[in-house]
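Chain letters run A, B, ... following the sequence lines, proteins first and then strands; every chain starts at 1.
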2 protein chains.
Amino acid sequence: MKNITLKELAKQLNLSVPTVSRALNDSYEISQETKDKVNALAQELNYRPNPFASSLRKNRSKTIALVIPEISSVFFSQITKGVEAVANNKGYHVIICCSDEKIDKETEIVQHLIDGRVDGILLSTSAETTDGKHLESFVERKIPVVLFDRTIENMPFSSVTSNDYESSYAATVHLIENNCNSIGFLKFGKNLQNIEKRLKGYQQALTDYNLKPNNNLILTLEQDADENIEKIKRFILNKKPDALFASVEHLAMATYDACKQIDLTIPNNLKLLAYSNLNIARHFSPPLTTIVQPAYEIGESSATLLLNLLKNKHLDEIEDLMIDSEISFRASTEN
Amino acid sequence: MKNITLKELAKQLNLSVPTVSRALNDSYEISQETKDKVNALAQELNYRPNPFASSLRKNRSKTIALVIPEISSVFFSQITKGVEAVANNKGYHVIICCSDEKIDKETEIVQHLIDGRVDGILLSTSAETTDGKHLESFVERKIPVVLFDRTIENMPFSSVTSNDYESSYAATVHLIENNCNSIGFLKFGKNLQNIEKRLKGYQQALTDYNLKPNNNLILTLEQDADENIEKIKRFILNKKPDALFASVEHLAMATYDACKQIDLTIPNNLKLLAYSNLNIARHFSPPLTTIVQPAYEIGESSATLLLNLLKNKHLDEIEDLMIDSEISFRASTEN
DNA sequence: TTGTAAGCGTTATCAT
DNA sequence: ATGATAACGCTTACAA
């Protein structure tokens with residue numbers, strides 16, 4: 001079966017190719033009669049425009065990329081749904097790319113995307129990303145970028161984040177009010193902007209409640225689960241914290257493992273809370289207190305910002321949106 | 001900054017456009033000297049081939065699509081990683097599309113993909129999918145398709161699945177040996193091939209152990225979590241099963257909720273197991289016995305099959321691979 | 001309202 | 001070993 005092209009339609013209808021093209025694009029300069037005829041035949045023959053030809057000619061692909069650091073996380077999958085809802089609604093395709101928390105993979109993806117000529121990019125940085133050098137080609141080529149959740153300082157891109165400082169502050173206060181006075185902070189990644197804000201919120205809460213922040217109570221961790229468990233065990237045994245604040249979900253999971261291995265019970269011996277969008281946190285043993293980020297909304301807003309940029313091309317008008325998280329209090333922080 | 005094209009390179013080098021093209025593609029008919037000059041300038045000017053032009057001309061995009069029913073599931077994200085590993089290694093891009101368990105969305109995606117001219121498709125059906133009518137265009141257009149995990153009968157596509165019948169049989173035997181004799185089966189979806197096999201394995205085990213299968217002990221559920229919880233509560237109260245076999249992960253989660261609400265303890269009052277790749281199942285209350293599918297390997301194998309088809313074009317040589325699952329025994333099925 | 005001509009950036013065919 | 005020419009399928013100026 002041959003592919004139906006405009007040429008084929010034109011031949012069968014005794015019209016020129018441009019006329020058929022314009023008819024299908026509902027141009028004002030084509031008579032209703034012709035439009036009807038063209039559409040009828042197109043439908044009958046199941047005509048499908050060739051997107052490569054169209055993109056080549058128009059120099060845009062109606063496709064945006066969503067670059068996320070981790071695919072098996074509820075947070076990012078909710079983001080994805082929010083993005084797709086908005087994008088599909090406006091006729092855009094979304095291609096999802098995962099950096100696996102690696103700066104090398106992120107850089108490679110970014111190169112591919114530039115080559116691939118997506119119209120715009122939504123990106124949340126990998127754990128290893130510390131600056132925006134690898135994104136400068138987007139600025140040069142005037143490809144709009146919106147950063148979300150994990151942003152980068154000093155880059156001319158709009159962003160959508162959640163109120164990390166405030167939610168972290170509130171969560172820390174919750175621990176303090178539940179009689180914790182030696183609260184450890186499990187930090188993730190090299191220099192992630194959102195984690196830094198969470199750290200600041202935690203430190204400020206300690207200060208405000210006369211528990212002075214202590215760098216010895218900050219433990220920096222990476223991706224490897226087994227390694228994290230070991231480090232957390234040693235940290236607990238050495239520093240004897242009465243609570244741990246996990247800055248990302250999987251560090252809480254590692255803490256559950258660590259506690260099991262050294263026979264500590266949560267929350268009796270150690271209280272625990274974490275940033276997490278896992279709705280099954282309520283079935284953990286014990287149920288985990290979580291700070292839940294507005295993931296779907298972050299996705300929606302990011303996509304909306306990006307699509308506006310695509311429409312207006314005012315790349316210099318930078319907007320920074322912030323949406324509130326919510327805390328679900330559960331047994332892991334109970335007295 | 002203008003985009004660098006072959007024309008630009010050709011002009012600067014006093015060569016023709018085709019020569020430059022051939023040099024960059026390392027054609028045997030170009031002298032090493034010319035190749036070196038061309039590559040040097042291309043590098044210097046950071047030349048990037050326009051993929052639309054190339055795809056238009058060559059009629060292939062070096063892109064495959066991965067269509068999955070659900071994105072926030074560990075199973076499918078592991079699949080994704082396996083697919084990407086293989087595909088990227090061979091220079092293919094992967095675009096991920098999520099049907100959200102809806103046949104309408106799946107059909108729409110499939111249309112888009114045909115329009116988008118991906119070179120091939122990897123697909124796992126939505127919960128609502130019952131046949132392969134919407135995939136027939138792929139057959140007509142000779143676009144290779146490989147189905148995985150959730151397949152479709154009577155379609156001329158290769159497939160990669162796990163040993164659903166056998167693993168389900170083994171899991172059921174495990175329950176029987178732990179003194180269950182009224183085992184309910186929580187079925188998911190309209191007519192999913194993998195679930196049907198799981199059901200058969202369960203029924204055969206009952207038969208072999210002289211517990212005759214009883215259709216009253218099969219409960220069919222859909223996507224909505226709250227609705228599922230209600231149905232499971234009523235099912236438990238009416239049928240008084242001593243164990244539940246959840247054919248997919250989220251039905252186990254709903255069962256945890258149901259039990260909590262009607263004050264039943266797992267495993268004392270009710271044993272529970274499920275197909276699930278959640279590694280945090282070990283931190284549930286109680287830890288959940290899971291049948292773990294070889295997700296990463298399924299992804300790898302599916303991609304490998306598809307890329308072979310793309311190379312050989314022997315679309316009529318259908319292969320059906322099967323990879324074994326493993327069972328992790330935990331407290332939810334203990335005596 | 002419609003048609004003609006040109007061009008997007010590649011690659012394939014044929015000639016030199 | 002290299003160049004001229006055409007073609008992939010579509011859209012946009014310009015002409016009629």
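As rounded to whole Å, 12 Å separates atom P of D:dT2 from atom CG of B:Leu13. Here the C1' atom of nucleotide C:dG9 and the CG atom of B:Leu9 are 12 Å apart, to the nearest Å. Atoms CZ (A:Phe52) and P (D:dA7) sit 22 Å apart, rounded to a whole Å. Regarding A:Lys58, its NZ atom lies at a distance of 7 Å from the P atom of D:dT12, rounded to whole Å.
Counting non-hydrogen atoms under 4.0 angstrom, A:Ser31 reaches the backbone sugars and phosphates but no base. A:Thr34 comes within 4.0 angstrom of sugar-phosphate atoms only, judged by non-hydrogen atoms across all strands, and of no base. As judged by a 4.0 angstrom heavy-atom cut-off over every strand, B:Asn59 is placed among residues making no nucleic acid contact.
Scanning atom types as modelled, no donor and acceptor separated by under 3.5 angstrom connect the side chain of B:Arg57 and the base of C:dT10. Contact annotation: side chain of B:Arg22 to base of D:dG3, donor-acceptor pair present below 3.5 Å.
A:Lys105 has no carboxylate O lying under 4.0 Å from a charged side-chain N of A:Glu128, or vice versa, which leaves the two without a salt bridge.
For the pair A:Glu70 (side chain) and A:Ser72 (backbone), a donor-acceptor distance under 3.5 Å is present.
Contact annotation: A:Ser21 side-chain N/O to D:dT11 OP1/OP2 distance is under 4.0 Å.
Using modelled atom types, one finds a donor on one side chain and an acceptor on the other under 3.5 Å when comparing B:Gln32 with B:Asp36. A:Arg141 and B:Asn3 form a side-chain donor-acceptor contact under 3.5 Å, judged by distance and modelled atom types alone.
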